[in-house]
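Note that the numbering runs from 1 along the sequence shown for the chain. Both ligands and their constituent atoms are indexed starting at 1 by order of listing.
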Amino acid sequence: MPAIRKRQRTASSTRRRRVPRDTADRATQLREEIRRHDEHYYVENRPAISDDAYDRLVAELRRIEARHPDLVTPDSPTRRVAGRVAGAFASVRHAAPMLSLEATRAPADVAAFVRRMSGPGGDSDLVLEPKLDGLSVEVAYTNGKLVAASTRGDGIEGEDVLANVRTIRSVPSSLRAGRNGAPRFLSIRGEMLMPRSAFTRMNRELAARGDEGFANPRNAAAGSLRQLDPAVTASRPLRYVAYEVLDSRGADWSSERDVLGDLRRWGFSVPERVTFARTLDQVERYHRGIAGLRDGLDYEVDGIVIKGCSLAVRERLGSTSHHPRWALAYKFEARGETTTVEDIVFQVGRTGVLTPVALLRPVDVGGVTVARATLHNLDELHRRDVQIGDSVRVHRAGDVIPEIVERRRGAHRRAPSIPRRCPGCRAALTRDGPFLRCTNRWQCPSQLVAAIVHLASDDAFCIQGLGGEVAQRLVDASLVRRLPDLFTVGASEFRTLPGFAARSAAKLAESIARARRIELPAFLVALGIPGVGKASARALGDAYPTLDALVGASAEEIASVPNIGAIQAAAIHEYLGDRRTRALIDGFLRAGVRIEPVHAERKRGPLAGKRIAFTGTLPTLSRAEASRLAEDAGAQITESVSEKLDYLVVGRDPGSKRANAERAGVRIIDEKRFRQLLTRAV
Ligand code: IVH
């Protein structure tokens with residue numbers, strides 16, 4: 001029976017290596033980034049990057065942490081089991097490793113696999129199954145009774161979700177007596193799914209309650225399984241389909257045919273449309289057949305799985321450390337669009353890192369025009385071997401940064417030239433692991449442009465209408481030479497910029513003026529301290545009432561702030577102590593920026609203690625601006641509507657929140673009234 005085991009930190013037992021500062025920064029940055037994506041994924045159910053890109057971030061962090069155990073923080077996302085975990089579940093060791101499947105889309109790989117499986121040593125029928133796109137779950141039985149259930153996690157250990165799985169009807173709590181009764185021990189692997197129709201219905205119900213729905217059935221299944229309250233899982237339409245025996249004692253089968261038969265007799269659902277085959281032709285036909293059915297099925301299928309049927313053959317072939325040699329996933333084409341890489345350029349980020357970006361012939365992917373895709377870094381660029389002239393398939397998942405998921409070599413492809421000097425300032429570049437970096441940290445105009453965009457972002461100064469193009473024009477026109485200049489440029493100067501009319505110039509000047517008052521955490525984000533994102537900035541802001549207090553703190557003191565690690569603290573201390581940082585901060589203060597402690601305002605603002613939600617498009621305020629104004633006035637923003645809500649601010653095309661608010665007797669107001677509340681005397 002799988003034993004519950006606590007994960008152990010290995011940091012103390014590993015020899016310490018000196019950690020390069022950049023590596024430490026990168027780890028912090030990755031952690032922040034992963035946390036941000038977790039939030040998009042779990043809290044907002046709106047992933048901002050593809051699963052592959054997310055996995056790459058986690059893999060990179062794991063690599064760094066493996067090399068430098070000192071960098072591991074207790075709250076690192078790598079310490080959690082399944083990558084993206086909503087709550088705290090205990091770790092459970094699987095009865096046997098839950099390997100992954102080797103996957104391909106290339107018919108040649110499939111042909112080779114089928115040849116291998118029919119040749120000497122692999123002489124076996126093939127079993128063909130739809131590849132179900134849910135999440136892999138182990139369920140285990142002792143003497144026919146359900147005793148354990150866990151998510152796949154890292155394949156060795158997963159999260160203990162037994163309490164939740166007990167509420168799912170398609171997982172038998174005790175096995176019906178099979179042919180020879182139930183084995184002494186049985187561990188099953190299968191897929192937890194949410195049928196599409198049930199997913200649509202559930203999302204509709206969630207929306208009617210004012211809750212946000214899930215992005216897709218797989219997210220919905222994962223989110224529903226990882227609930228801390230089993231009653232919530234019980235209310236969700238989950239279905240479990242069993243397809244493999246992971247481990248057993250006291251059972252005897254010779255082929256998958258028998259296994260599937262027994263699983264069915266014991267009371268499990270098994271995949272529909274399972275077929276047996278011997279030839280490549282049959283496999284290809286099955287692949288085409290399921291692909292054709294794909295849209296009509298009530299569950300998501302992303303390919304087929306081809307497995308050797310004979311258990312003796314499986315045993316003989318064994319597995320690599322990652323996947324069994326007797327199985328292959330033959331995936332369907334990813335949903336996405338094909339286009340051409342017109343150029344590959346290197347974009348300079350605010351910390352000087354050069355990111356290769358593929359400029360694409362614009363293509364419509366799910367209603368959004370995609371014209372660029374990130375290639376992440378030099379190593380990725382080389383690994384993927386994307387060149388100018390290649391044809392690529394781009395993919396988007398939700399509201400996201402497009403990803404190149406496939407590339408076909410173009411007939412006249414040309415390798416991108418790797419810059420030797422910074423494209424922004426011609427300074428020398430250094431190679432830093434997989435990254436190229438501009439060495440001109442404080443003077444490069446391209447870094448300045450990126451820093452302006454960062455400064456204007458929602459978590460920092462939150463300046464509407466200040467994106468990359470405007471920032472570039474400001475820098476090109478030398479209106480902004482250093483970040484604080486932004487706060488001294490007036491509307492008349494904005495008007496001199498190409499493409500700026502009086503109205504847009506005035507609007508921008510107004511947004512900037514509004515942003516002058518800023519809370520300490522947002523200011524810390526704006527400063528661009530390496531590795532300090534929203535979460536760390538918030539922690540620092542909670543611990544230190546003023547910037548001076550933080551600047552005056554020692555690295556040790558900073559390290560005692562919850563959720564700030566020692567290395568991060570040292571980096572913050574060093575950055576804030578740097579002469580150039582001081583000059584930057586002074587510049588902001590001289591330009592009229594007012595840094596305020598977190599709660600000072602909110603405790604006595606005109607909306608102190610009130611809860612506010614928004615729905616629909618407001619006439620003049622963006623959602624970010626409105627939220628910010630409300631927060632500044634002391635309100636708490638909520639997403640859901642309940643009796644506890646004080647105001648619902650309604651704009652054009654309101655969602656279901658409006659009806660819910662009416663039902664709950666919540667006060668409904670428009671933007672005008674909202675603005676009046678903000679200026680009300682306290
Ligand atoms: S057999 C070694 N059969 O797809 C793995 N897996 O993307 C033996 N999956 O992690 C698994 N449908 O969770 C098998 N009919 C099926 C499957 C299936 C979906 C999952 C499995 C795996 C993932 C790989």
Can you classify the ring geometry of Tyr141 versus Phe268 as parallel (below 30°), tilted (30 to 60°) or perpendicular (above 60°)? perpendicular
Looking only at protein heavy atoms, what sits closest to atom 3 (N) of ligand 1 is Lys307 NZ, 3.1 Å
Indicate whether the side chain of Glu159 and that of Ser150 have a donor and an acceptor atom separated by less than 3.5 Å. no
Name the closest protein heavy atom to atom 15 (N) of ligand 1, giving the residue it belongs to and the distance to 0.1 Å. Glu129 OE1, 2.7 Å
What protein heavy atom sits nearest atom 12 (N) of ligand 1, and how far off is it? Leu132 N, 2.9 Å
Judged by modelled atom types alone, do Thr355 and His376 share a side-chain donor-acceptor pair under 3.5 Å? no
Can Asp385 and Arg407 be counted as an ion pair, charged N to O under 4.0 angstrom? yes
Starting from the C-alpha separation in whole Å, work towards a yes-or-no answer on side-chain contact (heavy atoms from CB on, under 4.5 Å) for Glu300 and Arg196. CA-CA 7 Å; Glu300 305 272 345; Arg196 261 196 224 153; 3.2 Å; yes
Atoms of ligand 1, numbered as shown, that sit under 4.0 Å from any heavy atom of Ser136: 13 (O)
So if I count the atoms of ligand 1 from 1 in the order they appear, which ones are less than 4.0 Å from some heavy atom of Leu99? 2 (C), 5 (C)
Counting only heavy atoms closer than 4.0 Å, does ligand 1 sit against the backbone of Arg189, its side chain, both, or neither? side chain
Which one holds for Pro130 and ligand 1: side chain close, backbone close, both close, or neither close, with close meaning a heavy atom under 4.0 Å? backbone
Under 4.0 Å to a heavy atom of Ser100 - the qualifying atoms of ligand 1, by number: 2 (C)
With heavy atoms of Pro324 as the reference, note each atom of ligand 1 found under 4.0 Å away. 2 (C)
Please classify the Lys131 to ligand 1 contact at 4.0 Å (heavy-atom distances, strictly less than): side chain, backbone, both or neither. both
For Arg278, does the CZ atom have more than 12 heavy-atom neighbours from other residues, nucleotides or ligands under 6.0 Å away? yes
Determine, for Trp266 and Arg176, whether the Lys NZ or Arg CZ falls below 6.0 Å from the six-membered ring centre while staying within 45 degrees of the axis. no
side-chain hydrogen bond (donor to acceptor under 3.5 Å, both in side chains) with Tyr243: which of Glu191, Lys307, Glu129? Glu191
Is there a nitrogen or oxygen of Tyr243 sitting under 3.5 Å from a nitrogen or oxygen of ligand 1? yes
